[in-house]
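Computation of the quantities below employed the complete heavy-atom set of this structure, encompassing side-chain atoms and omitting hydrogens, waters and symmetry-equivalent molecules. Atoms within each ligand, like the ligands themselves, are counted from 1 in listed order. All residue numbers in this chain count up from 1 along the given sequence.
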Amino acid sequence: MELSHRLKSIPPYVFAEIDKKRQAAIARGVDVINLGIGDPDQPTPRHIVEAMHDAVENPVNHHYPPFGGSKEYKQAIVKWCNKRFGIELNADTEVTSLIGSKEGLHHTIMAFIDKGDINIIPDPAYPVYRTSTILAGGEPYFMPLTPENKFIPDLDAIPEAVLKKAKLLMLNYPGNPTAGIADLAFFEKAVAFCKKHNILLVHDLAYSEMTYDGYKAPSILEVKGAKEIAVELHSLSKTYNMTGWRIGFAVGNAEAVAAIAKIKSNVDTDIFKPIQLAAIAAFEGPTDHIDFCNNLYIERRDLAVERLKALGWPVQPIKATFYMWLPTPKGMSSADFSALMLDKAGIVVPPGTAYGPNGEGFFRMSLCLDKARMAEAFDRMAQHSITYDMLQAKV
Ligand SMILES: *Cc1c(COP(=O)(O)O)cnc(C)c1O
């Protein structure tokens, strides 16, 4: 048996690898605290589950769904985007369904990247941007995101030779793993930049509703003329606690939307109709669970900030997402710190390098566990003297 060069060119999915280590620790009898999860701990809201129940009972919904999403689903997306961002979309040409935005990101890359093409992506970032680019035969070009640049890349630093070969530029605000946020002024700059260089701008807006302290995340399509060059990927996973349901959508540039839909119609047959109907119930139903969950994340964030500060960490409260992007103890690599956290304290935190070369010197901590369990994690860190200055303290 010989694997394709394509498959051999990418590493195993990082989170699958992290999960193996976690399982091995559990098998050794360790009570593992998983601060590596990017999956809401609360259940899908009741009215969404009920809509699914009702829809699944109706045999009409048991057949192949239409390609690109049902008319009703696409119209509900248009209405939701209009209400939320004040943008106008054509349901027939500027919207397509996705089996989650992970799938959408992969297909967008497959639709635009050929051998030798460049995809300009943030670093650190959601790993799919990089691996799907390599699977497509292309080459990622990394834009460094650092605390110093507030996780906003310097577009003007991208070399002309890279721009000539670039087909895509990807952004993600609010961002995973950095929790970085961008304002409309940066999106305006990015749209103008991509227009000038004729590069499709892909915005991953998976965390649009997970925002705190009065901050509201903009859509890139709020920028005038953005539709000429930009497509935006959305997901119901994080907003509606629906990670397992697999549903999302892409909106924006009609040519890009059609390209994604063309790839999809050749490889999948869309989303089970009852899931689309449940998603419509999500868009049109009450939203109090969003505030409820955001308040939970705020409480956990505040606990984490207080406890990490006590352990000597430099840390700022995040305004969006459920991730905290933290420096490893001074002098320690990402891999060493993640291994130490698991071996000494039974805590899983992904190493920053899982998200790209610029993740070295960082780790990600998520807020998807209840406060008591998080407090236990910080207790264990204190017990084992895992502090920001731990290497200095030793000498
Ligand atoms: C979770 C996540 C996704 C994937 O969401 P799905 O819709 O569940 O596939 C995409 N992008 C980012 C940045 C994420 O964190």
Side-chain angles (χ1 to χ4, degrees), residues 13-16 18-19 34-42 44 48 69 73 77 80 95-110 119 121-133 140 143 145 151 153 168-182 201-211 217 219-220 231-251 260 263-264 267-268 270-272 275-276 278-279 282-283 293 297 318 320-325 350 352 354-356 359 364-368:
Y13 193 54
V14 276
F15 299 108
I18 290 166
D19 210 55
N34 191 352
L35 293 178
I37 324 172
D39 189 345
D41 57 309
Q42 296 299 306
T44 306
I48 301 172
Y73 179 53
I77 290 166
W80 184 84
V95 182
T96 192
S97 59
L98 297 176
I99 308 175
S101 59
K102 184 180 189 181
E103 182 240 19
L105 287 160
H106 176 74
H107 288 320
T108 307
I109 291 166
M110 291 311 269
N119 183 5
I121 63 175
D123 170 24
Y126 189 56
V128 175
Y129 307 170
R130 177 179 33 155
T131 45
S132 290
T133 302
M143 301 182 284
L145 305 186
F151 309 113
L168 299 175
L169 188 149
M170 298 193 141
L171 296 174
N172 167 220
Y173 295 104
N176 174 11
T178 67
I181 55 176
L201 178 53
V202 181
H203 185 226
D204 179 357
L205 188 46
Y207 296 90
S208 66
E209 308 313 300
M210 201 183 280
T211 58
S219 159
I220 208 156
V231 67
E232 189 163 73
L233 272 49
H234 291 249
S235 168
L236 280 84
S237 288
K238 316 290 170 33
T239 303
Y240 300 103
N241 306 336
M242 288 176 77
T243 47
W245 298 60
R246 311 311 305 137
I247 186 160
F249 59 91
V251 285
I260 297 166
I263 293 245
K264 280 180 56 58
V267 298
D268 69 62
D270 225 80
I271 305 155
F272 189 37
I275 298 178
Q276 297 191 44
F283 291 135
C293 289
Y297 301 135
I318 51 169
T321 77
F322 46 22
Y323 304 114
M324 294 175 63
W325 183 244
Y355 307 91
R364 195 187 78 175
M365 181 180 278
S366 60
L367 305 173
C368 301

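The distance criterion of under 3.5 Å between nitrogen or oxygen atoms is not met by Thr243 with respect to ligand 1. Among the atoms of Ser235, some N or O lies under 3.5 angstrom from an N or O of ligand 1.
Note on Arg246 versus Glu103: no salt bridge recorded, every NZ/NE/NH1/NH2 to OD/OE distance being 4.0 Å or above.
Under 4.0 angstrom from ligand 1, the non-hydrogen atoms of Lys238 all belong to its side chain. Proximity of Ser101 to ligand 1, defined as any heavy-atom pair under 4.0 Å, is shared by backbone and side chain alike.
Proximity of Arg246 to ligand 1 is established by a heavy-atom distance of less than 4.0 Å.
Between Tyr297 and Thr321 the shortest side-chain heavy-atom distance does not fall below 4.5 Å.
For atom 8 (O) of ligand 1, the closest heavy atom belonging to the protein is Ser237 OG, 2.6 Å. Shortest contact from atom 11 (N) of ligand 1 to any protein heavy atom: Asp204 OD2, 2.6 Å.
Between the side chain of Ser366 and the backbone N or O of Leu35 there is at least one donor-acceptor pair closer than 3.5 Å. The closest donor-acceptor contact from the side chain of Arg364 to the backbone of Thr178 lies at 3.5 Å or more, if one exists at all.
A donor atom on one side chain and an acceptor atom on the other are found under 3.5 Å apart for Glu232 and Ser219.
For ligand 1, the atoms lying closer than 4.0 Å to a non-hydrogen atom of Asn172 are 13 (C). In the vicinity of Lys102, heavy-atom distances shorter than 4.0 Å reach the ligand 1 atoms 4 (C), 6 (P), 9 (O).
Of all the listed residues (Phe322, Tyr207, Trp245), Tyr207 holds the heavy atom that lies closest to atom 15 (O) of ligand 1.
Of the inter-residue distances, the one linking Leu236 atom CG with Trp80 atom CH2 reads 8.0 Å to the nearest 0.5 angstrom.
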(message) Using side-chain contact (heavy atoms from CB on, under 4.5 Å), reason through Leu98 and Lys264 one step at a time and then give a plain yes or no.
(response) CA-CA 8 Å; Leu98 297 176; Lys264 280 180 56 58; 3.9 Å; yes
